[in-house]
2 protein chains.
Amino acid sequence: MALTAESITSTALSILSQYGLGDLSMRRLARELDVQPSALYWHVKDKQSLLILISRSLKAEVDALCPATADPLAAAMSLREVLLKYRDGAEIVLLGYSITPPDVAPQALGADRLGAELSHGILTLTLGAVAVEQNRRLFAIDPADAAENFAANASLLLRSSRRLP
Amino acid sequence: MALTAESITSTALSILSQYGLGDLSMRRLARELDVQPSALYWHVKDKQSLLILISRSLKAEVDALCPATADPLAAAMSLREVLLKYRDGAEIVLLGYSITPPDVAPQALGADRLGAELSHGILTLTLGAVAVEQNRRLFAIDPADAAENFAANASLLLRSSRRLP
DNA sequence: ACCTGAACACCGTTCAAGT
DNA sequence: ACCTGAACACCGTTCAAGT
């Protein structure tokens, strides 16, 4: 199977969901793809740019789940769900969102839809909350009422966004 | 100077504010303290527990700036300020808050004051927003209106907390 | 009690050289 | 164009041994 940026990304995604970011090394990735570590660098600039490819792929997954006109609270819940599918999804997407916000923000939560300010608010709240939640899972600390708790805070923040375009 | 957990933490803090988390390695820390890397492990369990010591120290810094009865919005702004002093403060405190919330949450923003739900909301919003802000600084992307933007979202979230104990 | 020295099992990245 | 092999400059952590 020929090596491509896509095959690298999808193998990374699978390592991520099974083992997490701690095990996602360029060397481990290369081993999984039966290739020398240096081979990856012909397809991908460096590890950071791979993480950005990953976060774009997660955005696409959220967009497939909820269209641009979806209810913002429902979209935030879907984003959370997708982030949770991959062990350190929130940390990675936080990086991607920092560097290229429009490429990573789900349509239903983008600046076009909610305005720059509120879009940034709901995204940073979601990324922060899920990052904490994922760290806690790592340490086997109570998940418990994480979903309801997040929903409550997200809806407090979004309270001002009733009646959208 | 005798090596202690405190001297290790404060040297770590200084590396952090000058160079950031990428340069905060156990080996680098040991070099700065004129000691073998292995010496650190007598005083500190591992790197992660050092990061938790660091995040407790930042909590103390915020508490010194604003007492338990401070206005929550003002406290959130102070927390942001302190996090910004140290290059990857938000990422580190996010880890600390994940593992031992009460040891890391500033008094004025703790669960005792705001209730578990809202306390978690304002803290994850702050940590998420500042983590993004610090990543952007790393890449020399616009700081610009980050403070006002954060203040706006934090006050949206805290809107429900008027009239406190 | 506190620290050194050496070792183990890793990293990300570059680059000449091969095909 | 695409990949190998070897190298460079690092990591965190453990552990016998020294003082």
Locate the shortest heavy-atom distance separating A:Met26 from A:Tyr41; write the atom from each residue and the value. CG-OH, 3.5 Å
Nearest to the side chain of A:Ala39 - C:dC3, D:dT4, D:dA7? D:dT4
Would you mind checking if B:Arg28 and B:Asp23 are paired as a salt bridge, meaning a charged N to carboxylate O distance below 4.0 Å? yes
Phosphate oxygens OP1/OP2 of D:dA1: is one of them under 4.0 Å from a side-chain N or O of A:His43? no
Within this structure, what is the NE2-CG distance for the pair B:His120 and A:Leu125, rounded to the nearest 0.5 Å? 9.0 Å
May I ask you to say what A:Ser38 touches in the nucleic acid, namely base, sugar-phosphate or nothing, with a heavy-atom cut-off under 4.0 Å? base
Whole-Å distance, B:Arg27 CZ to C:dA9 C1', equals 11 Å
Note: B:Glu81-B:Lys85 ion pair, threshold 4.0 Å (strictly below): no
What is the distance, rounded to the nearest whole Å, between atom CG of B:Asp46 and atom P of D:dT14? 8 Å
Between C1' of C:dT14 and CE of A:Met26, the distance in whole Å: 13 Å
Rounded at 0.5 Å granularity, tell me how far NZ in B:Lys47 sits from OG in B:Ser25. 6.5 Å
C:dT19 pairs with, by Watson-Crick or G-U criteria that keep both distances under 3.5 Å: D:dA1
Calculate the interatomic distance between A:Arg28 atom CZ and C:dG12 atom P; express it in whole Å. 12 Å
Using a cut-off of strictly less than 4.0 Å, decide whether A:Gln36 has a side-chain nitrogen or oxygen near OP1 or OP2 of D:dG5. yes
Of A:Ser25 and B:Asp34, the one whose closest DNA chain C nucleotide lies more 5': B:Asp34
Expressed as a whole number of angstroms, how long is the span from A:Leu24:CG to C:dC11:P? 11 Å
Identified pairing partner of C:dA6, criterion: Watson-Crick or G-U wobble below 3.5 Å: D:dT14
Rounded to whole Å, please give me the gap between CD in A:Gln48 and P in C:dG12. 13 Å
Closest of D:dT4, C:dG12, D:dT13 to the B:Pro37 side chain is D:dT13
Roughly how many Å is it from CZ in B:Arg31 to P in D:dC11, rounded to a whole number? 6 Å
Mind checking the C1' distance from D:dA9 to C:dC10? Whole angstroms is fine. 14 Å
Figure out the CH2/C1' separation between B:Trp42 and D:dT19, and round it to whole Å. 14 Å
